[in-house]
Amino acid sequence: MSALARSNTDTIVSKLHQARTALAEAKTLSETKEILDVAAAAELYAKRQQLGEEAEQYAYSVKMAAKIKLGEILVK
């Protein structure tokens with residue numbers, strides 16, 4: 001993996017860590033939806049830039065966690 005690809009992967013993983021932390025603290029539908037959007041964009045970016053399966057799977061897991069939280073908020 002080139003230095004540029006590694007840097008891009010590190011950036012995506014860092015953003016996803018921030019998104020996961022924000023998701024744990026999110027209380028509203030709009031906060032959670034914003035995190036979902038970030039994770040979905042990160043997943044697409046990781047695929048298009050071929051950053052590797054691990055980066056794609058991490059983005060997917062954050063996206064799915066946000067969808068679950070959205071469902072929980074809507075049920076309340």
Side-chain angles (χ1 to χ4, degrees):
M1 178 182 291
S2 72
L4 180 59
R6 187 170 298 124
S7 175
N8 286 345
T9 301
D10 291 346
T11 301
I12 290 298
V13 169
S14 176
K15 295 270 187 207
L16 289 167
H17 281 309
Q18 292 172 3
R20 190 173 288 281
T21 300
L23 183 60
E25 298 171 4
K27 293 182 179 23
T28 67
L29 190 64
S30 63
E31 290 172 333
T32 307
K33 176 67 169 86
E34 186 175 327
I35 295 162
L36 172 62
D37 292 344
V38 167
E43 181 184 22
L44 184 61
Y45 181 81
K47 285 180 184 177
R48 287 187 177 168
Q49 295 298 312
Q50 298 177 346
L51 299 181
E53 187 70 24
E54 189 175 344
E56 289 178 40
Q57 287 298 322
Y58 188 42
Y60 178 79
S61 72
V62 174
K63 182 177 80 171
M64 294 311 295
K67 285 184 175 188
I68 290 168
K69 185 152 188 171
L70 277 174
E72 292 169 353
I73 291 170
L74 289 171
V75 167
K76 290 181 182 178

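We're numbering straight along the sequence, starting at 1. Keep in mind that this is a model prediction, so the values were computed, not measured.
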Is it the case that the side chain of Ser14 and the backbone of Asp10 share a donor-acceptor pair, with hydrogens and angles ignored and the cut-off at 3.5 Å? no

Determine which pairs satisfy ring-ring contact (aromatic ring centres under 6.0 Å, His included) with at least one residue from residues 19-47, sequence neighbours left out, and list them in order. none

Is there a continuous path of hydrophobic side-chain contacts, each under 4.5 Å between heavy atoms, that joins Leu29 to Leu36? yes

Search all heavy atoms of Leu23 against all heavy atoms of Ala66 and return the closest pair with its distance. CD2-N, 3.6 Å

Smallest separation among heavy atoms of Ala46 and Glu56, with atom names: CB-CG, 3.8 Å

Please collect all salt bridge (Lys or Arg N to Asp or Glu O under 4.0 Å) contacts where either partner lies in residues 34-54, sequence neighbours excluded, each pair once. Lys33-Asp37, Glu43-Lys47, Glu43-Lys63

Atom of Ile35, atom of Ala22 and distance for their closest heavy-atom approach: CD1-C, 3.5 Å

Group every Ile, Leu, Val, Met, Phe, Trp and Tyr by side-chain heavy-atom contacts under 4.5 Å, then state whether Tyr60 and Leu16 land in the same group. no

Measuring from Ile68:CD1 to Ile73:CD1, what's the distance to the nearest 0.5 Å? 12.5 Å

Same hydrophobic cluster for Ile12 and Val62, using side-chain heavy-atom links shorter than 4.5 Å among ILVMFWY? yes

Could you tell me whether a side-chain N or O of Lys15 sits under 3.5 Å from a main-chain N or O of Ala42, the two making a donor and an acceptor? no

